[in-house]
Q: 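I'd like to ask some things about the structure below.
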There are 2 protein chains.
Amino acid sequence: MLTQAPRPTTEARRAVSPARGAPPASHGNSLTDTIDLMGAPISFGRNEEIYGEREPAEYLYKVISGTVRIYKILSAGRRQIQAFHVAGDIFGFECEHEHTFSAEAINEARILVVKRSAVMALAALDNDVARQLLALTARELQRVQGHAMLLVKTAQERVVSFLLEMAGRAPGDAVELPMSRQDIADYLGLTIETVSRTLTGLESAAAIALPSSRRVVLRNHRALSRLCS
Amino acid sequence: MLTQAPRPTTEARRAVSPARGAPPASHGNSLTDTIDLMGAPISFGRNEEIYGEREPAEYLYKVISGTVRIYKILSAGRRQIQAFHVAGDIFGFECEHEHTFSAEAINEARILVVKRSAVMALAALDNDVARQLLALTARELQRVQGHAMLLVKTAQERVVSFLLEMAGRAPGDAVELPMSRQDIADYLGLTIETVSRTLTGLESAAAIALPSSRRVVLRNHRALSRLCS
DNA sequence: CGGCGCCTTGAACCAAGTCAAGCTCTGTGG
DNA sequence: CCACAGAGCTTGACTTGGTTCAAGGCGCCG
C-alpha cells in the first residue's frame, strides 16, 4: 500500500532505539523521589517470587539492584517472559486491581516497595507526580509494543534485538547477561536450543564474541543492526 | 502524504452524534466528554492514512464509526498490525513526540480528532481527566500485553483468540469482520493461507460457521475457549 | 574428584510458510 | 441480463525455520 519512508536517512540512525534508556533528565522527578523516600527496601533471593498473577496489586516497585523477570505461565506450562527489569526500573503498574503477571527475582535483588494507594493519593494532589505516572506508563506501553514487534521476527532478529537492548542499558560493548538461556528463550518466544545455536552462529560470523556463556561482546555493531531486522 | 491530508469536512457542524457511534452514555467520564465536545469529526475513506509513523503526534483520536488499523512496516516489507480500533475506542497515545506506528481507516470511518496539547492542559487542571488518561493508557498497556502473549501461541490458538476478542466487542454469537484476511494475518503474525486454513479447520470441527468470508458464527464456545489455550 | 546445573550440539520431525492454481464474490460495461 | 475483470479467499503440494528429542561438554562448588 502507500506507506512512504519519507527519509531513508533517518532510518539508519534510528537503528538502535533510544526509547528504553535514560528517562527524561532527572531534575525534579517527583515520582522517583517519592518512591525513593516512601519506599521500603526489601531483599529477594534467587528465584524468589515478588508477586504472583491474580494477587491484589497493592504496590509499586523500584529495582535498587539485581534483576527481575515479569512473566506469565501459558497453557501447557509454557512460560512467557514479558520484561526484565534492572536497577532504576519501576514496575508493578496495573490498571486492574489484580496483577496480570507474576514477578520473580532472577538473582539476589533489592527492591523498593511503596503502596500504590499512597502514590495515587499523591498524584491527586501533585500534578507533577500524576504526569510522571502517565509518562512512565506510556513508556512502558511503548516498550511492550516493541516487544510485541520482536515476537514476529526471525530467531536471529530476535536474539540480536535482545542483545542490542541489553547493550543499550549499560555503556560499552561487553554485555553481562544476568539471566539464563531459558529466561532469554522465554523472553524471545524461542527455545533454549535455538537461542544457543543462534548465539553460536553470531560468534562464527564474528558479529559477537562469547568469552563465557553469560558474557557477550558486541564486535560488529553495523552487522548486528543490519541483522536485527 | 500531502494529498492524503485529512480534510475537515463541512459536516463538522452537524456533528450531533450519529446513532451508531454513541458510546455507552458517558456518565461522568470527563475525558470522553471532553473529546466528544472538543473533537472535530473527520471522515476517512477506505485505506486512507490517518497518521504515519514518524509524524509528530499532535492529536488524540476517537472512533465514531468504522474501523482503524494501527500498524508498522517491518523489514522486508512485512506489515505488523498492532491493534484494530472500533467505535468508541480512543487511540493515538504516545510518550514520544512522534508516532511510532501508522494508522489507517480499514473502511469508511468517522473519527473525532482533538489536540493532545488541549487534553494535556485540561489534565493539568482537572484531576479527573488526568486519572482517566492514566486509566486509558494502562488499559491500552494491558491490551498490548495480551497481544504480545498471543504472538507466541500456535496458529489455531491465535485465530481462536482473535475470534473471541472480536466477539467480545459485540453481543451475540455472530461476528462481522470488518477487516480482510490479510489484516487478520498481519495482526496475528501469520500468513493469510494459515488464517484461511485454520478457519476452515474450525468450521470442519463444528466450532464455528462461516456463512460468508466476513461473517463468523461461534457455535461452540466451550470448545473455542479450550482451543484458545 | 564427583555431582549437578547449565549450556551446546546433532539429528529427526513438524507447524507454518511459500508457491501456485483455482474459486467466489462484486461491481461494471456491453 | 449476461460477460468479464479484478480483488479477495481457499486449497493443494512442497519447503523450511524452529522445535523436539537425545547426547555430551563445561564449569562450579561441596
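Quick note on labels: first sequence line is chain A, next is B, and so on, each numbered from 1.
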Q: Under the side-chain contact (heavy atoms from CB on, under 4.5 Å) test, which residues partner A/Ile42, sequence neighbours left out?
A: A/Phe44, A/Val113
Q: According to a strict under-4.0 Å criterion, is A/Ser213 in side-chain N/O contact with OP1 or OP2 of C/dC6?
A: no
Q: Going by atom type alone, with no hydrogens or angles, which donor-acceptor pairs under 3.5 Å involve a side-chain atom of residues 156-163 of chain A and a protein atom two or more places apart or on another chain?
A:
| from | atom 1 | to | atom 2 | distance (Å) |
| --- | --- | --- | --- | --- |
| A/Glu157 | OE1 | A/Thr154 | N | 3.0 |
| A/Glu157 | OE1 | A/Thr154 | OG1 | 3.4 |
| A/Arg158 | NE | A/Lys153 | O | 2.9 |
| A/Arg158 | NH1 | A/Leu188 | O | 2.7 |
| A/Arg158 | NH1 | A/Gly189 | O | 3.3 |
| A/Arg158 | NH2 | A/Leu151 | O | 3.3 |
| A/Arg158 | NH2 | A/Lys153 | O | 3.1 |
| A/Ser161 | OG | A/Glu157 | O | 2.7 |

Q: May I ask you to say what B/Gly189 touches in the nucleic acid, namely base, sugar-phosphate or nothing, with a heavy-atom cut-off under 4.0 Å?
A: sugar-phosphate
Q: What nitrogen or oxygen pairs link the protein and nucleotides 19-23 of chain C at under 3.5 Å?
A:
| from | atom 1 | to | atom 2 | distance (Å) |
| --- | --- | --- | --- | --- |
| C/dC19 | N4 | B/Glu193 | OE2 | 3.0 |

Q: Can you tell me if the side-chain N/O atoms of A/Ser196 get under 4.0 Å from OP1 or OP2 in C/dC7?
A: no
Q: Are any of B/Thr194's side-chain N or O atoms less than 4.0 Å away from OP1 or OP2 of C/dA16?
A: no
Q: Using heavy-atom distances to pick each residue's nearest nucleotide on DNA chain D, tell me which of B/Ser180 and A/Arg78 is more 5'.
A: B/Ser180
Q: Ignoring hydrogens and angles, state whether a donor on the side chain of A/Glu94 or A/Tyr51 is under 3.5 Å from an acceptor on the partner side chain.
A: no
Q: Which part of the nucleic acid does B/Arg214 contact within heavy-atom distance under 4.0 Å: base, sugar-phosphate only, or nothing?
A: sugar-phosphate
Q: Answer with base, sugar-phosphate or nothing: what part of the nucleic acid does B/Leu199 contact at a heavy-atom distance below 4.0 Å?
A: nothing
Q: In sequence, state the C-alpha distance, the side-chain angles, and the governing distance for B/Asp183 and B/Phe84, and then conclude on side chain to side chain contact (heavy atoms under 4.5 Å, CB included).
A: CA-CA 9 Å; B/Asp183 286 330; B/Phe84 294 117; 4.0 Å; yes
Q: With a 4.0 Å cut-off on heavy atoms, is B/Ser212 in touch with a base, just the backbone sugar-phosphate, or nothing at all?
A: nothing
Q: A/Glu176 and salt bridge (Lys or Arg N to Asp or Glu O under 4.0 Å): which partner among A/Arg214, A/Arg169, A/Arg215?
A: A/Arg215
